[in-house]
Amino acid sequence: MTIPIPAEDPRHVPNRAVIDPSAITQNTRALGTLLEEQTALMAVVKADGYGHGMLTAARAALEGGATWLGVAHPASALALARADLDAQILTWLYEPHTARIVPPEVLALRRRRGRRLPGDAAARRRGRPRG
């Protein structure tokens with residue numbers, strides 16, 4: 001015999017979190033008070049701001065004092081760069097052949113294991129440090 005499950009059963013209702021951007025701003029500000037003055041604060045806004053909206057989360061974190069934004073993929077870094085935010089941007093997960101789409105204002109972290117990657121020469125030309 002099958003027992004019907006009511007629609008409000010949490011096992012069958014999508015989970016979601018509603019975050020007030022001002023909470024991101026306040027939390028960023030609070031973290032900033034724990035840092036040495038010369039230490040930069042990076043807000044990682046990958047995965048669409050962990051589901052809260054990448055640009056919304058980025059703007060809220062910058063308002064709270066973050067000076068860097070971190071994203072996993074170059075497409076997200078490109079979106080942040082196009083949003084004209086006043087922040088340094090770091091991206092770290094991409095294939096070397098996609099380095100050409102990373103805009104010059106974005107620092108792309110590269111891992112090397114004793115070999116040069118195709119993006120290294122481009123990073124030198126842009127005056128950026130290599131990861």
Side-chain angles (χ1 to χ4, degrees):
M1 173 173 168
T2 304
I3 300 173
I5 298 173
E8 52 278 342
D9 186 327
R11 293 175 296 172
H12 301 283
V13 177
N15 295 320
R16 67 185 185 120
V18 178
I19 304 296
D20 182 348
S22 67
I24 296 172
T25 300
Q26 291 169 1
N27 289 342
T28 305
R29 192 169 289 123
L31 285 171
T33 66
L34 302 173
L35 302 175
E36 299 287 330
E37 189 172 323
Q38 71 277 9
T39 305
L41 178 59
M42 177 185 289
V44 177
V45 294
K46 68 183 211 60
D48 194 31
Y50 293 97
H52 309 302
M54 179 178 66
L55 290 176
T56 299
R59 288 184 179 108
L62 292 172
E63 186 178 329
T67 55
W68 279 83
L69 297 171
V71 292
H73 301 284
S76 297
L78 190 57
L80 288 174
R82 289 179 176 162
D84 198 32
L85 301 171
D86 186 22
Q88 298 291 316
I89 302 167
L90 173 74
T91 184
W92 60 86
L93 292 179
Y94 63 93
E95 296 296 321
H97 65 277
T98 62
R100 67 183 179 278
I101 72 161
V102 178
E105 61 269 28
V106 173
L107 177 61
L109 185 65
R110 294 173 178 82
R111 290 188 181 176
R112 292 187 305 254
R113 291 196 172 108
R115 61 188 174 96
R116 290 192 174 271
L117 295 178
D120 287 350
R124 279 193 301 278
R125 283 193 300 277
R126 289 187 259 171
R128 295 288 191 175
R130 296 180 311 275

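Computed from heavy atoms alone, side chains included, the values below leave out hydrogens, waters and symmetry copies.
Applying the 6.0 Å contact sphere to CD of Gln38 captures more than 12 heavy atoms from other residues, nucleotides or ligands.
Residue Ala66 comes nearest to Thr28 through the heavy atom pair N-CG2, 3.7 Å, listed as atom of the first residue, atom of the second, then distance. Nearest heavy atoms, Leu69 versus Met42: C-CG, 4.0 Å. The heavy-atom pair separating Thr91 from Pro74 by the smallest distance is OG1-N, 3.5 Å. Shown here for Val106 and Ala81, the closest heavy-atom pair between the two residues is CG2-CB, 4.4 Å. When all heavy atoms of Asp86 and Leu62 are compared, the closest pair comes out as O-CD2, 4.1 Å. Of all heavy-atom pairs between Ala40 and Trp68, the closest is CB-CD1, 3.6 Å.
A continuous path of ILVMFWY side-chain contacts below 4.5 Å connects Leu90 to Val44, so both sit in one hydrophobic cluster. Placement of Leu107 and Leu93 within a single hydrophobic cluster is found when ILVMFWY residues are connected by side-chain heavy-atom separations under 4.5 Å, directly or transitively.
Checking each of Asp20, Ile19, Ile24 against Ser22 for a side chain to side chain contact (heavy atoms under 4.5 Å, CB included) leaves exactly one that passes, namely Asp20. Tested against Ser76, the residues Val45, Val71, Asp48, Ile89 include a single side chain to side chain contact (heavy atoms under 4.5 Å, CB included) partner, Val71.
Rounded to the nearest 0.5 angstrom, Leu34 CG and Leu41 CG are separated by 10.0 Å. Within the model, atoms NE2 of His73 and CG of Leu78 stand 14.0 Å from one another, a figure rounded to the nearest 0.5 Å.
Under the 3.5 Å distance criterion, the side-chain polar atoms of Thr25 are matched with a main-chain donor or acceptor of Ala60.
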For side-chain contact (heavy atoms from CB on, under 4.5 Å), just list the numbers for Thr67 and Gln88, CA-CA rounded to whole Å, side-chain angles, deciding distance to a tenth of an Å, and then say yes or no.
-> CA-CA 6 Å; Thr67 55; Gln88 298 291 316; over 6 Å; no
